[in-house]
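These notes are about the structure you will find just below.
Because the structure is predicted, anything quoted here is derived from the model rather than measured. Order of the sequence lines fixes the chain letters, A, B, ..., with proteins taken first and strands second; residue numbering starts at 1 for each chain. Heavy atoms only: backbone and side chains are in, while hydrogens, waters and symmetry mates are out.
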There are 2 protein chains.
Amino acid sequence: METSPRRQPTLDEVAARAGVSRTAASRVINNVPHVSAAKRAAVERAVRELGYVPNPTARALATRRAGSVVLAVSSEEPGLFADPFFAEVTVGVSSFLDRTDLELVLLLADTPRGKERLRRILSSHRTDGLMLMAVRGDDPLGRLAEETDLPVVFGGLPMTGTPRWYVDADNRGGARLAVEHLVRDGRRNLAMITGQVDLQAAVAREQGFREALLLTGLTPAGVAPGGFTQAGGEAAMERLLADRPDIDGVFAANDDMALGALRALRRHGRRVPEDVAVVGFDDLASALYADPPLTTVHQPVRALGLELARMLAAVIEGQDPSPLVLPTRLTVRESAPPVSG
Amino acid sequence: METSPRRQPTLDEVAARAGVSRTAASRVINNVPHVSAAKRAAVERAVRELGYVPNPTARALATRRAGSVVLAVSSEEPGLFADPFFAEVTVGVSSFLDRTDLELVLLLADTPRGKERLRRILSSHRTDGLMLMAVRGDDPLGRLAEETDLPVVFGGLPMTGTPRWYVDADNRGGARLAVEHLVRDGRRNLAMITGQVDLQAAVAREQGFREALLLTGLTPAGVAPGGFTQAGGEAAMERLLADRPDIDGVFAANDDMALGALRALRRHGRRVPEDVAVVGFDDLASALYADPPLTTVHQPVRALGLELARMLAAVIEGQDPSPLVLPTRLTVRESAPPVSG
DNA sequence: CTGGCAATTGGAAGCGCTTCCAGCTTTCGC
DNA sequence: GCGAAAGCTGGAAGCGCTTCCAATTGCCAG
């Protein structure tokens with residue numbers, strides 16, 4: 001049984017033990033040619049015997065590559081990351097990085113200090129690249145991120161313009177799917193519960209809603225903001241009902257608000273879907289838990305994270321990948337059932 | 001308007017500009033004494049003018065401190081991190097680290113490569129410390145983590161023994177609360193839906209369940225494993241009902257399984273809570289969404305993350321903090337309403 | 001004024017690794 | 001067999017920062 005050494009062995013010790021130069025040892029470690037098979041074997045043996053693990057910090061300093069990327073969630077509300085959406089994105093990001101040698105640094109920039117950190121990251125080369133999410137309209141980070149020479153890939157579009165690299169879901173198209181489904185079901189008095197106006201995704205979903213209605217010649221029976229929260233959705237539904245009791249279909253810009261709407265509808269004695277059909281957006285776990293289970297626009301959240309990481313890796317390697325808009329589709333459940341016949 | 005320089009300014013350039021030695025400049029940057037006020041001011045000015053940001057990699061190499069900690073989730077199922085539980089923990093961890101200068105590296109060790117990475121982290125000093133979560137019974141990482149000289153703090157106990165540093169929730173106590181609540185409500189035929197037997201938290205919750213029953217002189221009406229998933233909980237409930245149709249109270253080791261149980265009960269025409277009362281464990285968002293809203297054992301997940309990070313930071317600073325067991329409490333909702341009178 | 005002590009100062013030696021470069025050894029076509 | 005192309009090799013120069021240590025300076029009591 002070998003006692004683990006107090007101090008990590010260094011490349012020099014490996015080289016000494018293998019009887020080669022440090023240069024040769026380094027070449028073996030990094031799988032670079034120009035090393036004879038004999039020396040290669042000797043080094044590999046020494047590595048094994050010593051339990052050598054390269055020091056990533058030293059390597060980073062010498063290569064000027066950090067070996068890590070940052071996933072930053074810039075938000076005003078502390079704990080936004082607790083939203084399952086981000087957890088799912090993170091899983092996707094991680095699943096891609098797993099194949100690479102990049103580490104994932106998570107930065108929840110929801111405090112002044114956090115924002116300051118993010119700013120420093122943009123101006124120091126402490127990392128190889130940045131994935132930036134949840135940038136709101138008035139967030140100066142959007143612009144800053146454009147100016148740096150650090151590779152930055154956006155998850156979801158910022159409102160400040162179209163960045164060079166981003167991955168987004170087809171929010172507008174998804175919203176249209178929702179409306180079309182409701183209309184096909186014979187619903188004519190459609191209302192929408194929207195999210196924050198300073199989030200591009202919320203705006204796009206509202207646009208899609210309005211577009212689709214226009215296309216079918218209908219007018220919105222109401223549009224109320226719900227702030228992307230369950231409570232907000234509930235309150236919005238209250239207002240909509242008060243204004244137009246004849247609403248027979250509701251599209252909420254996310255599932256949480258749809259759940260709130262369900263609650264409000266139930267309290268008002270409206271049956272779902274008989275009296276009012278409800279469609280959400282996201283298709284995360286809660287949509288399935290809902291009563292009745294929620295028909296909702298599915299966006300491929302995990303894939304979004306994976307593509308985000310893939311794109312960033314490509315940019316880091318000097319490529320110039322095209323932006324990506326992932327398709328959304330409708331997951332039909334009971335809150336707005338399939339149109340029979 | 002200053003054009004951002006292609007290359008980051010270095011400490012040498014700052015020193016040169018300020019007309020001092022590099023040593024002095026370093027002292028100013030690090031707020032170390034032994035620098036005259038005049039030089040200090042000069043350096044600070046140069047820093048400002050050059051937009052100097054220290055290179056963390058170089059600093060790490062020189063100080064032999066990485067400036068980062070790793071939060072690792074070791075699991076067999078890819079995507080376990082998508083469970084809102086971990087997102088919540090992460091928010092807590094991040095909220096503590098926000099006050100420090102430590103970066104958060106996230107490692108989702110749910111693949112062979114991921115596990116290998118984790119192993120390397122344990123044996124290389126690429127990071128200053130590790131928070132380890134979701135270690136299962138047969139996971140060799142538990143033992144490995146004990147042997148390294150890297151500071152390791154456990155989130156939740158591993159099954160392989162009691163580590164020196166950990167933060168856990170009072171799972172046993174929480175389970176007892178659940179049982180006591182049900183018994184006080186007059187329920188006599190209590191069943192439990194358990195989680196994986198190789199997760200300490202699941203075991204502790206089952207222990208608490210059995211203990212509490214013993215204390216009240218009752219015998220379990222059934223115990224069925226549900227694998228911590230909604231579908232598993234549903235199936236478990238089916239089996240329990242088939243075996244003992246007279247069950248009038250169910251305790252599920254987490255909320256997801258409780259939701260599954262609700263579904264099964266509904267299908268079998270059992271009213272909740274009139275016929276059967278249901279209590280879950282976790283008190284995450286889904287408990288609130290449930291129909292009826294779920295009475296559940298609340299564990300302070302975010303606080304757990306925060307304390308995890310705080311403890312690790314303490315260990316890194318050379319202290320020897322005591323393990324921490326955070327209290328759980330019952331959140332009473334409709335699936336097992338308060339006992340009137 | 002002067003000795004002595006404390007506070008400042010900066011040169012230099014690393015931290016552990018990569019990589020340029022110049023010198024050597026093989027190998028092979030002819 | 002010979003010259004040159006094609007690999008090997010390892011010395012040495014960094015990557016940008018911290019910190020030990022010896023030397024210098026400043027200050028005050030005697």
To the nearest angstrom, how far is [X] atom [atom1] from [N] atom [atom2]?
X	N	atom1	atom2	value
B:E13	D:dG16	CD	P	9 Å
A:R40	D:dC8	CZ	P	9 Å
A:R126	D:dG16	CZ	C1'	14 Å

* To do: Between B:S21 and B:L61, name the one whose nearest nucleotide on DNA chain C is closer to the 5' end.
  =>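 Mapping each residue to its closest nucleotide by heavy atoms, the 5'-most match is B:S21.
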
- Query: Could you give all pairs that pass the salt bridge (charged side-chain N to carboxylate O under 4.0 Å, His left out) test and reach residues 78-96 of chain B, with sequence neighbours left out?
  - Reply: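 Salt bridge (charged side-chain N to carboxylate O under 4.0 Å, His left out) check on residues 78-96 of chain B returns B:E88-B:R302.
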
| Heavy-atom pair of closest approach, residues A:P163 and A:L157 |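 So the two residues come closest at CD-CD2, 3.6 Å.
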
Scan nucleotides 17-24 of chain C against the protein and return all N/O pairs shorter than 3.5 Å with their distances rounded to 0.1 Å.
residue: C:dC17; atom: OP1; partner: A:Y52; partner atom: OH; Å: 2.4
residue: C:dC17; atom: OP1; partner: A:N55; partner atom: N; Å: 3.3
residue: C:dC17; atom: OP2; partner: A:L11; partner atom: N; Å: 2.4
residue: C:dC17; atom: N4; partner: A:R22; partner atom: NH1; Å: 2.2
residue: C:dT18; atom: OP1; partner: A:N30; partner atom: OD1; Å: 3.2
residue: C:dT18; atom: OP1; partner: A:N30; partner atom: ND2; Å: 2.8
residue: C:dT18; atom: OP1; partner: A:R59; partner atom: NH1; Å: 3.1
residue: C:dT18; atom: OP2; partner: A:S26; partner atom: OG; Å: 2.7
residue: C:dT18; atom: OP2; partner: A:N30; partner atom: ND2; Å: 3.4
residue: C:dT19; atom: O4; partner: A:T23; partner atom: OG1; Å: 3.2

Applying side chain to side chain contact (heavy atoms under 4.5 Å, CB included) to A:R40 and not counting sequence neighbours gives A:V28, A:N31, A:V35, A:E44

*Atom CZ of A:R65: over 12 foreign heavy atoms under 6.0 Å*: no

Problem - Parallel, tilted or perpendicular: rings of B:F81 and A:F81 (30°, 60°) - result: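 Judged by the thresholds at 30° and 60°, the geometry between A:F81 and B:F81 is tilted.
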
Angle by which the axis turns from one end of the helix from C:dC1-D:dG30 to C:dC30-D:dG1 to the other, five pairs per end, to 10 degrees: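 That helix gives 30° between its end axes.
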
Residues at least two apart in sequence or cross-chain that pass side chain to side chain donor-acceptor pair (under 3.5 Å) with B:R99, listed by chain then number, are none

By the side-chain hydrogen bond (donor to acceptor under 3.5 Å, both in side chains) test, which pairs, at least two apart or in different chains, include something from residues 18-27 of chain B?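 Only B:D12-B:R22, B:S26-B:N30 qualify under side-chain hydrogen bond (donor to acceptor under 3.5 Å, both in side chains).
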
Hey, what do you get for CG (A:L104) to CG (A:L106), rounding to the nearest 0.5 Å?
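One gets 6.0 Å once the value is rounded to the nearest 0.5 Å.
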
